Amino acid sequence: TYAFRGMDDSRMRLNSGICHISGTTVINENVDTESITIAFDYKKGMYRFDRTDQCYSLRTPEYYYELWFPNKENSGVTRQTSSERKPSYKAKPFDIQMLGFFTLVGPYYRKTYQPDSRLVFFEEIPISYEQLSEDLILIETKRKPVIENVPLIKRRYWLSPKQGYSLLKAEYADHVTIEMSWAEKNRTWVPTAFKLSSLQNRSAEWKIDWEQVNEPVPDKYFDPEQLAQKPTPVFSSELGKPLQIGTIGKDVTSTDQSKTKYLYFRYILIITGLILIFIALVKMIYDRLKKKD
């Protein structure tokens, strides 16, 4: 429908930014006090997701990094190629553009927000449309379940035309409710609050503060060296088993261990050359002295 397309168009206008999320999340009676920082630039293929004191993650066009237990004694970084990244349910990264279309059961971490991605993501089909007021539209959809012989799953979305067709409320199969608030910043509608209620022992209530919207994000947010305050080992399984491939940190100049090895090898060659030159000079002096005798 045109309302969904309006919402997709509005979300696609959010191309870069920095936001901070604070609040609480409850999963199976486990209460987490959330403190999340997100920095992103979709055109550059960059996405940074920091869950304070738990895990920092960074996706670049080439690699995906996860740093566990930031700046603790047992902290470490895992690196994968971006194209083969396996989702980490403990890191729980999610794409800020997809906020409102997940229920905290896993990560949704996309390269870009595609038009009508909501319909593709859930394979939903609109079945009814109702104009409740000048600034409120109700759309009901159905989705084919994964399990056979189970009734169609129905969802309801309340959208605001005056707020870029943003999602104000959603109900999923009568057991999950999501409510959101929005604000216009730099001519772009962005979420400022998110609340999830569920009958499946999941809930969340977050506040979202925006530091900047659709402005150039400082490169430091996407520099792997900036993930850690102190030198931290980097492990990769790209060769079949976890191997340390280098070290990152604000005091480390390279994430590539081979570069460090190359520097050591170069120093060894220089020292060896100097020793050989010294030996040659000593021999030359000795030969001259011997001829004089």
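The shown structure was predicted, so the numbers you read here are calculated from the model rather than taken from an experiment. Count residues from 1 along the sequence.
In summary, the side chains of Asp50 and Tyr221 do not present any donor paired with an acceptor at a separation below 3.5 Å, with no hydrogens or angles considered. With no hydrogens or angles considered, no side-chain donor-acceptor pair links Tyr157 and Tyr165 at under 3.5 Å. Defined by atom type and a distance below 3.5 Å, a donor-acceptor pair is present between the side-chain atoms of Thr25 and Trp206.
Pairs passing the salt bridge (charged side-chain N to carboxylate O under 4.0 Å, His left out) check and including a residue from residues 25-40, sequence neighbours excluded, read Asp32-Lys92, Glu34-Arg51.
Atom-to-atom distance recorded for Ile38:CD1 and His20:NE2 is 10.0 Å, nearest 0.5 angstrom. For the atom pair CZ of Arg48 and CD of Gln226, the computed distance is 8.0 Å after rounding to the nearest 0.5 Å. Atom NZ of Lys44 is separated from atom OG of Ser16 by 9.0 Å, given to the nearest 0.5 angstrom. Atoms OH and CG, from Tyr65 and Leu58 in turn, are 7.0 Å apart once rounded to the nearest 0.5 Å. Expressed to the nearest 0.5 Å, how far CG of Asn186 lies from CD of Glu184 amounts to 9.5 Å.
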- [ ] Report the C-alpha distance between Tyr42 and Gln97 in whole Å, list the side-chain angles of each, state the deciding distance to 0.1 Å, and finish with yes or no for side chain to side chain contact (heavy atoms under 4.5 Å, CB included).
- [x] CA-CA 11 Å; Tyr42 291 109; Gln97 284 185 323; 3.4 Å; yes
Task: Audit row: Leu99, Ile208, side chain to side chain contact (heavy atoms under 4.5 Å, CB included) steps and yes/no - done: CA-CA 11 Å; Leu99 189 64; Ile208 307 165; 3.5 Å; yes
Open item on the list: Using the rule given for side chain to side chain contact (heavy atoms under 4.5 Å, CB included), can you reason through Arg11 versus Leu167, listing the C-alpha separation, both sets of side-chain angles and the distance that settles it, and then say yes or no?
Closed with: CA-CA 10 Å; Arg11 292 210 173 187; Leu167 178 68; 4.2 Å; yes
TODO: Show your working on side chain to side chain contact (heavy atoms under 4.5 Å, CB included) between Thr188 and Trp210 and close with a plain yes or no.
DONE: CA-CA 12 Å; Thr188 305; Trp210 288 87; over 6 Å; no
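Partners of Ile127 according to the side-chain contact (heavy atoms from CB on, under 4.5 Å) rule, which considers only residues two or more places apart in sequence or in another chain, are Glu140, Lys142, Lys154.
In terms of modelled atom types and a separation under 3.5 Å, the side chain of Thr52 and the main chain of Ser35 share a donor-acceptor contact.
Annotation: cation-pi pair Arg59/Tyr64 absent, no NZ/CZ under 6.0 Å from the ring centroid and within 45° of its normal.
Taking the six-membered ring where the residue is Trp, the centroids of Phe94 and Phe49 are separated by under 6.0 Å.
A salt bridge is defined here as a Lys NZ or Arg NE, NH1 or NH2 lying under 4.0 Å from an Asp or Glu carboxylate O, and Asp9 with Arg13 meets this definition.
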